[in-house]
Amino acid sequence: MQAAVIVFPGSNCDRDVAVALERASGQRPLMVWHKDSVLPDVDLIVLPGGFSYGDYLRSGAIAAHSPVLRDVKARAEKGTAVLGICNGFQVLIESGLLPGGLLRNESLKYICKDVGLTVQSNESVFTRHYHSDQRVVFPIAHGDGNYFIDESGRKRLEDEERIAFRYCDTKGQVTPEANPNGSVANIAGIYNKQRNVLGMMPHPERLADPALGGNDGAAMFDGLVEALS
């Protein structure tokens with residue numbers, strides 16, 4: 001599997017996700033600068049976490065207009081797998097590849113900690129190595145991770161089983177207390193309708209090796225390699 005990681009000014013998780021991808025595939029991803037207008041031929045595109053353009057204007061809003069995003073959108077529409085993590089999720093929403101919005105955390109505080117998640121749907125190239133309702137732990141690190149969508153949009157996500165992850169407690173229960181940022185229905189990650197685009201606020205690449213304190217994220221990258229090679 002050949003992957004490309006898009007690098008924006010302000011990205012700070014691009015090398016982290018590249019390490020996780022190389023560990024899983026044995027092949028170093030291509031690092032693509034945001035000003036490039038044409039992507040190389042790849043099986044997976046990753047928009048990493050960070051603070052693209054310093055989060056000026058609104059998180060992900062400026063990056064969504066980078067030259068490379070035109071080709072990212074075109075590839076996504078043709079079926080190429082696209083993974084957006086944290087700031088990458090914000091870019092996917094700002095570019096129109098995913099619905100909804102990401103608001104300031106309900107507490108108005110930046111949050112950095114490990115959180116519990118339940119896998120809501122494992123029918124995708126991203127989550128095929130998890131089972132439905134499996135509880136996993138990934139870190140979060142964001143100030144604008146409060147996912148919002150209106151009631152009709154939320155119902156559409158529910159009906160089409162496009163919610164990938166929800167925040168949960170230590171027993172796997174989806175409760176208000178387990179919701180770290182106020183997201184609607186504890187939503188932590190969603191798919192597009194074709195399920196080839198996943199946006200999520202938690203960072204699987206930060207717990208993808210036992211040396212990092214956990215290995216729950218490794219299954220996502222192993223599954224991608226298996227599905228896309």
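Treat the numbers as computed from the prediction; the structure is a model and nothing was measured. Just so it is clear, the values below take in all heavy atoms, side chains as well, and ignore hydrogens, waters and symmetry mates.
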*Could you tell me whether the side chains of Asn181 and Asn146 share a donor-acceptor contact shorter than 3.5 Å?*
no

_All pairs passing side chain to side chain donor-acceptor pair (under 3.5 Å) where residues 217-229 contributes a residue, at least two apart_ = Arg23-Asp222, Arg128-Glu226, His129-Glu226

_Using modelled atom types and a 3.5 Å cut-off, is there a donor and acceptor pairing between side-chain atoms of Tyr167 and backbone atoms of Glu177?_
no

*Spell out, as yes or no, whether a donor-acceptor pair under 3.5 Å connects the side chain of Asp14 to the backbone of Val7.*
no

*For Ile93 and Gly101, work out which heavy atoms get closest and say how close.*
CG2-CA, 4.0 Å

*Could you point out which residue of Phe138, Tyr147, Phe165, Phe89 forms a side chain to side chain contact (heavy atoms under 4.5 Å, CB included) with Met201?*
Phe89

*Do Glu158 and Arg166 sit within salt-bridge range, that is, some charged N less than 4.0 Å from a carboxylate O?*
yes

*Counterpart residues, ring-ring contact (aromatic ring centres under 6.0 Å, His included), relative to Phe51 (two or more places apart)*: none

*Indicate yes or no for a side-chain donor-acceptor contact from Ser25 to the backbone of Gln27 under 3.5 Å, with no hydrogens or angles considered.*
yes

*Short side-chain to backbone donor-acceptor contact, Arg135 and Asp169, under 3.5 Å*: yes

*is_close_aromatic(His34, Tyr53), centroid dist under 6.0 Å*: yes

_Donor-acceptor pair, distance only, cut-off 3.5 Å: does the side chain of Asn192 make one with the backbone of Leu97?_
no

*Report yes or no: does Ser107 contribute a side-chain atom to a donor-acceptor pair with the main-chain N or O of Lys109 at less than 3.5 Å?*
yes

*Quick one: CD on Glu151 to CZ on Arg156, what's the gap to the nearest 0.5 Å?*
11.0 Å

*Less than 4.0 Å between a side-chain N and a carboxylate O, is that true for Arg75 and Asp71?*
yes

*Just by distance, do the side chain of Asn215 and the backbone of Ala218 share a donor-acceptor pair under 3.5 Å?*
no

*Which residues pass the salt bridge (charged side-chain N to carboxylate O under 4.0 Å, His left out) test with Arg104, sequence neighbours left out?*
Asp144

*Got a donor-acceptor contact below 3.5 angstrom from the Gln134 side chain to the His131 backbone?*
yes

_Distance, nearest 0.5 Å, that separates OG of Ser59 from CG of Asp55_ = 3.5 Å

_In one Ile/Leu/Val/Met/Phe/Trp/Tyr side-chain cluster, 4.5 Å: Ile85, Ile111_ = yes

_For Tyr191, is there any backbone N or O sitting under 3.5 Å from a side-chain donor or acceptor partner on Arg162?_
yes

*Have Asp150 and Ser152 got a donor and an acceptor in their side chains that come within less than 3.5 Å?*
yes

